[in-house]
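Right, one structure below, let's go through it.
Quick note on labels: first sequence line is chain A, next is B, and so on, each numbered from 1.
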Protein chains: 2
Amino acid sequence: MSDDDVSTAFAVLNEIGIIAQLGRATFEARLPPGVILPQWSVLNHLVRVGDGRTPLDMARAFQVPKTTMSHTVAALERRGWVEFRPNPDDGRSKRVWLTAAGRAFRDDGIASVAPDLARILGDLPSGTMEALLPHLRHLRETMDAARD
Amino acid sequence: MSDDDVSTAFAVLNEIGIIAQLGRATFEARLPPGVILPQWSVLNHLVRVGDGRTPLDMARAFQVPKTTMSHTVAALERRGWVEFRPNPDDGRSKRVWLTAAGRAFRDDGIASVAPDLARILGDLPSGTMEALLPHLRHLRETMDAARD
DNA sequence: ACTGTATGGTGCAATGTTGGACTATATGCA
DNA sequence: TGCATATAGTCCAACATTGCACCATACAGT
């Protein structure tokens, strides 16, 4: 493992940190005031992987502490975008279900940000995102596995 | 701009958000308790681009509000890792300079995390990071330019 | 020079994040 | 069964982030 490899890795993580910041700002500019990216992301996650997950499942998926996820889903529930039902398999846990309003809000979010993303995509060499995606997935999976 | 392109972009930003989180956790696990990633990142930035920057310069580079950067550099100054000097060109602003202790602390950070990064790199197909870096730079620059 | 506006920086308050302690339920093992 | 340990979730307090109001300095147009 050469020093060069390590400094490339540093540079990659550095760029990723800044892009995450920019992406968050882009998103939040389009969400209604008071709604925050992690809230929308949880709705999106539930749509993509299916609802009925437990809060702890999602905390692991997002790599945040369980208290943070607890706070986030509580906010979503207050707004009527998700509802809790007991987990029949485990009396300690809840399952989180999307409401119709929650699905609609998630869809609105995509529709609102799509033009911003389209503008960014238009300024990038075509194929940039497709080139990034598989490598990013691989990196994420590897880092996830390394966190033992 | 097809729907597929937009959903690829969503997926890329999603992965980037999670990797940023994982990277942050990896780093903070190696920093002394109470030291936080943004603090170390600012020291790293000053080493890489040269010290003598103003806080506002750095706020822009990191895409954070100026109050956040003000808070961060104040913490670094309390720990003796940077010092402020007046800006001879502009009486409103400060310039931020690294101290010897600041440089040493930044170097220690690299040395502490390098083994973790090396482990991750060892589990990735070689060339993954090199493949990512130019695309990420491009994406970051484009998003930066789009934020007008 | 004078005045209006723009910019660098900070203090404060509201909010988000997170570690630690705690409760309740589940599971493994004698 | 009974007990020790592990796990899901929440409450609370400490701390980080950030929008807003404010001050000081700079600069542009007259």
task: Using a 4.0 Å heavy-atom cut-off, write out nucleotides 2-14 of chain C from 5' to 3' as B (base contacted by protein), S (sugar-phosphate only) or - (no contact).
output: ----BBBBBB---
Specify the separation, in whole Å, of atom [atom1] of [X] and atom [atom2] of [N].
X: B:Ile36; N: D:dT17; atom1: CD1; atom2: C1'; result: 10 Å
X: B:Gln21; N: C:dT17; atom1: CD; atom2: C1'; result: 10 Å
X: A:Glu77; N: D:dG9; atom1: CD; atom2: P; result: 14 Å
X: A:Gln63; N: C:dT18; atom1: CD; atom2: P; result: 11 Å
X: A:Gln39; N: C:dG16; atom1: CD; atom2: C1'; result: 10 Å

- prompt: More 5' along DNA chain C: A:Arg24 or A:Asp89, using each one's nearest nucleotide?
  reply: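 In this pair, the answer is A:Arg24.
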field: Candidate list B:Asp90, B:Asp89, B:Asp57, test salt bridge (charged side-chain N to carboxylate O under 4.0 Å, His left out), partner B:Arg95, passing option
entry: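 Passing option: B:Asp89.
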query: Could A:Arg137 and A:Glu141 be called an ion pair, given the rule that one side-chain N must be under 4.0 Å from one carboxylate O?
result: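 Not counted as a salt bridge, because no side-chain N and carboxylate O are separated by less than 4.0 Å.
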- prompt: If only atom types and distance count, is the side chain of A:Ser112 paired as donor or acceptor with the main-chain N or O of A:Asp108 below 3.5 Å?
  reply: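 Between the backbone of A:Asp108 and the side chain of A:Ser112 there is a qualifying donor-acceptor contact (under 3.5 Å).
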task: Look at the side chain of B:Thr72 and the backbone N and O of B:Thr68, then say whether any donor-acceptor pair between them is shorter than 3.5 Å.
output: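 Looks like yes, one N/O pair under 3.5 Å.
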task: Kindly write out the residues that satisfy ring pair (Phe, Tyr, Trp, His ring centres under 6.0 Å) with A:Phe10, not counting sequence neighbours, or none if the list is empty.
output: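 Result, ring pair (Phe, Tyr, Trp, His ring centres under 6.0 Å) vs A:Phe10: B:Phe27.
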query: If every non-hydrogen atom of A:Gly109 is compared with every non-hydrogen atom of A:Trp40, which pair is closest and at what distance?
result: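 Reported closest heavy-atom pair: CA-NE1, 3.7 Å.
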field: Minimum-distance pair of heavy atoms, taken over all atoms of B:Ala75 and B:Gln39
entry: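 Heavy atoms only, the tightest pair is CB-NE2, 3.7 Å.
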- request: Please say which of B:Leu43, B:Asp51, B:Leu46 ends up in a side-chain contact (heavy atoms from CB on, under 4.5 Å) with B:Arg103.
  value: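 Testing each of B:Leu43, B:Asp51, B:Leu46 against B:Arg103, the sole residue satisfying side-chain contact (heavy atoms from CB on, under 4.5 Å) is B:Asp51.
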message: Let me test you: for the helix from C:dA1-D:dT30 to C:dA30-D:dT1, what is the angle between the axes at its two ends (five pairs each), rounded to 10 degrees?
response: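 Roughly 30°, once rounded to the nearest ten degrees.
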